[in-house]
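Notes follow once the structure below has been shown.
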Amino acid sequence: CHTSGMLTPNGKENAQKIPREELTHLILKLLQAWKEPLSHFNQHIEHHQELPDDSLSKAKQISNMVHELKTGVEKVTEKMQSMGIISNSLNGMASSEGTGFSISNEANMMSDSDFIHCFRRDSNKVQSYLKILKCRIMPENSC
């Protein structure tokens with residue numbers, strides 16, 4: 001996976017030990033790391049005439065959802081900063097320059113099944129980290 005070099009906590013218990021700011025930064029890094037590979041994947045599958053139109057539509061929908069999720073996390077981050085929940089140290093972290101992570105050709109050279117496996121793995125991580133962050137910010141949710 002092209003994100004294997006990213007340091008991510010191993011297991012839910014370790015993720016819960018990470019400070020809110022670092023967890024937020026990690027979520028943004030993972031989402032940003034998938035922007036370009038998803039774009040390449042969409043271009044790649046558009047050239048497969050044997051794929052049904054709904055597969056192409058689903059791939060584009062996934063890319064859009066990742067973009068919307070990243071935008072949403074950025075907005076939540078801004079709100080958390082304005083409320084003093086986290087510091088402003090994350091400013092600029094949402095851009096590819098801010099993540100300190102460059103996309104290699106590895107993501108472009110993966111098989112479709114490996115690509116989907118890696119995307120699912122990272123999607124599950126983002127989902128878990130967002131749940132942990134939500135519980136820290138709003139403990140009244142009985143987490």
Discussion item. Are the side chains of L130 and L69 in contact, using a 4.5 Å heavy-atom criterion?
Written reply: yes

Practice prompt. Find out whether M65 and Q61 are in side-chain contact, i.e. whether some heavy atom of one side chain is under 4.5 Å from a heavy atom of the other.
Written response: yes

Worksheet item: Counting only heavy atoms not in N10, do more than 12 fall under 6.0 Å of its CG?
Response: no

Worksheet item: Hey, does K12 have a side-chain heavy atom less than 4.5 Å from the side chain of I132?
Response: yes

Practice prompt. With rounding to the nearest 0.5 Å, note down the distance linking CD1 in I18 to OG1 in T24.
Written response: 10.5 Å

Item to complete: Kindly compute the distance separating CG (N42) from CG (N64), expressed to the nearest 0.5 Å.
Response: 8.0 Å

Worksheet item: Just one of L38, V126, T71 clears the side-chain contact (heavy atoms from CB on, under 4.5 Å) bar with V66, so which one?
Response: L38

Worksheet item: With K131, which residues qualify under salt bridge (charged side-chain N to carboxylate O under 4.0 Å, His left out), at least two apart?
Response: none

Worksheet item: Roughly how far, to the nearest 0.5 Å, is the NE2 atom of H25 from the CG atom of L30?
Response: 10.0 Å

Worksheet item: Can you find a pair of side-chain heavy atoms, one from M6 and one from D122, that are under 4.5 Å apart?
Response: no

Discussion item. For K70, run the side chain to side chain donor-acceptor pair (under 3.5 Å) check against E68, H67, E74 and tell me which one passes.
Written reply: E74

Fill in: Residue list, side chain to side chain contact (heavy atoms under 4.5 Å, CB included) with N124, at least two apart or on another chain
R120, Q127

Practice prompt. Indicate the ring-plane relationship of F115 and W34, choosing parallel, tilted or perpendicular according to the 30° and 60° boundaries.
Written response: perpendicular

Worksheet item: Residues two or more places apart in sequence or in another chain: which of them pass ring pair (Phe, Tyr, Trp, His ring centres under 6.0 Å) with Y129?
Response: none

Worksheet item: Roughly how far, to the nearest 0.5 Å, is the CD atom of E22 from the NZ atom of K17?
Response: 13.5 Å

Worksheet entry | Side-chain touch R121/T3, heavy atoms, less than 4.5 angstrom | yes

Worksheet item: Side chain of H2, backbone of A33: donor and acceptor closer than 3.5 Å?
Response: yes

Fill in: M138-L23 co-clustered via ILVMFWY side chain contacts under 4.5 Å
yes

